[in-house]
Amino acid sequence: MYEKTYPNKRFKLTLQFLKKHISTNETILDLGVKNPFSEIMVSEGYTVENTKGEDLDENRSTIENSSADVVTAFEIFEHLLSPYEVLKSIKAEKLVISVPLRLWFASAYRSKTDQWDRHYHEFEDWQLDWLLEKTGWKIIGRQQWTNPVKKLGIRPLLRHFTNRYYIVYAIKNSK
């Protein structure tokens, strides 16, 4: 997936955010298969288990049976048809989730070669906030950042000052 580009800025900011909110003595269930960022978390002292590539819209058993303290979902929810059901099934008390934000000047991402590499949702920040609220989560921390690209054109220029990523730390609402 990262043969041509490696998201150094995104990984750096995601790790800083994670370290700010999650202790290395808490266990993590990272939604999605093992990937470069889950390996970074392990190298930073976190205990991380990944899901195995199952379709989380259809099979949430790994989430439902997990005893992890924290669930992380980095750029996963935009690929799901029903993130509501996934969020409702999480037993952990803490959640760190990041999503790409919807860009008004670009269409939703869709790989022509990989059916799993498609965005069904591209969120605006308020939409993710509402989804978390509706599924019983209280947002404690949040951050957004841009994703400039080294290309010429109007869209690359807009990426220098339009936020592309949104990350949230939330805890289970104890109503």
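A donor-acceptor contact under 3.5 angstrom links the side chains of T146 and K9, judged on distance only. Checking E54 against T62 by side-chain atom types alone, a donor-acceptor pair falls below 3.5 Å. One side chain, Y166 or R142, offers a donor N or O that lies under 3.5 Å from an acceptor on the other.
Rounding to the nearest 0.5 angstrom, the gap separating the CG atom in L18 from the CE atom in M41 is 6.5 Å. Atoms CG and CH2, from D129 and W137 in turn, are 14.5 Å apart once rounded to the nearest 0.5 Å. Here the straight-line distance linking atom CZ of F11 with atom CD of E39 works out to 9.5 Å at 0.5 Å rounding. If you take CG on N65 and CZ on R60, they are separated by 12.5 Å, rounding to the nearest 0.5 Å. Distance CH2/W145 to OG/S98: 6.0 Å, rounded to 0.5 Å. To the nearest 0.5 Å, atom CG of residue L132 and atom CD of residue Q127 are 12.0 Å apart.
Nearest heavy-atom pair across I63 and S89 is CG2-OG, 3.6 Å. Minimum interatomic distance between A92 and A68 (heavy atoms only, all atoms of both residues): CB-O, 3.4 Å. Taking every heavy atom of both residues into account, H21 and G141 meet most closely at CE1-CA, 4.2 Å. For F37 against N35, the heavy-atom pair with the smallest separation is N-OD1, 2.8 Å. Between Y165 and P100 the shortest heavy-atom distance is CD2-CA, 4.0 Å. Summarising the geometry of A73 relative to L31, their closest heavy-atom pair is CB-CD1, 4.0 Å, with the distance given to 0.1 Å.
Between Y46 and T27, the closest side-chain pair of non-hydrogen atoms is not below 4.5 Å. Put simply, the side chain of L131 reaches to within 4.5 Å of the side chain of Y84, judged on heavy atoms. No side-chain heavy atom of E93 sits under 4.5 Å from any side-chain heavy atom of I171. Counting heavy atoms from C-beta on, the side chains of L13 and Q143 come closer than 4.5 Å. A heavy-atom distance below 4.5 Å is not found between the side chains of K52 and V33. Between I139 and Y169, every side-chain heavy-atom pair lies at or beyond the 4.5 Å cut-off. For the pair F74 and T14, the minimum side-chain heavy-atom distance is below 4.5 Å. No side-chain heavy atom of I167 sits less than 4.5 Å from a side-chain heavy atom of I97.
Formation of a donor-acceptor pair under 3.5 Å by the N59 side chain with backbone atoms of D55 is not found in this model. Judged by distance alone, the side chain of S66 and the main-chain N or O of L29 form no donor-acceptor pair under 3.5 Å. Side-chain atoms of D57 never come within 3.5 Å of backbone atoms of L80 as a donor-acceptor pair (strictly under, hydrogens ignored). Between the N173 side chain and the K138 main chain, no donor and acceptor come within less than 3.5 Å of each other.
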Run K94 and D69 through side chain to side chain contact (heavy atoms under 4.5 Å, CB included) and show every step you take. CA-CA 7 Å; K94 297 178 179 181; D69 302 307; 5.9 Å; no
When you look at L95 and L87, which way does the side chain to side chain contact (heavy atoms under 4.5 Å, CB included) test go after all the steps? CA-CA 9 Å; L95 173 68; L87 286 165; 3.6 Å; yes
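Using a 4.5 Å cut-off between side-chain heavy atoms of Ile, Leu, Val, Met, Phe, Trp and Tyr, with links allowed through other members, I140 and L15 fall into the same hydrophobic cluster. If you chain together hydrophobic residues whose side chains sit under 4.5 Å apart, V42 and I22 fall into the same group.
Note on R10 versus E75: salt bridge recorded, some NZ/NE/NH1/NH2 to OD/OE distance being below 4.0 Å. In summary, K91 and E64 do not engage in a salt bridge, as defined by a charged side-chain N under 4.0 Å from a carboxylate O.
Among I28, D30, T47, the single residue meeting the side chain to side chain contact (heavy atoms under 4.5 Å, CB included) criterion with V70 is I28.
Other residues, nucleotides and ligands contribute over 12 non-hydrogen atoms within 6.0 Å of the NZ atom of K172.
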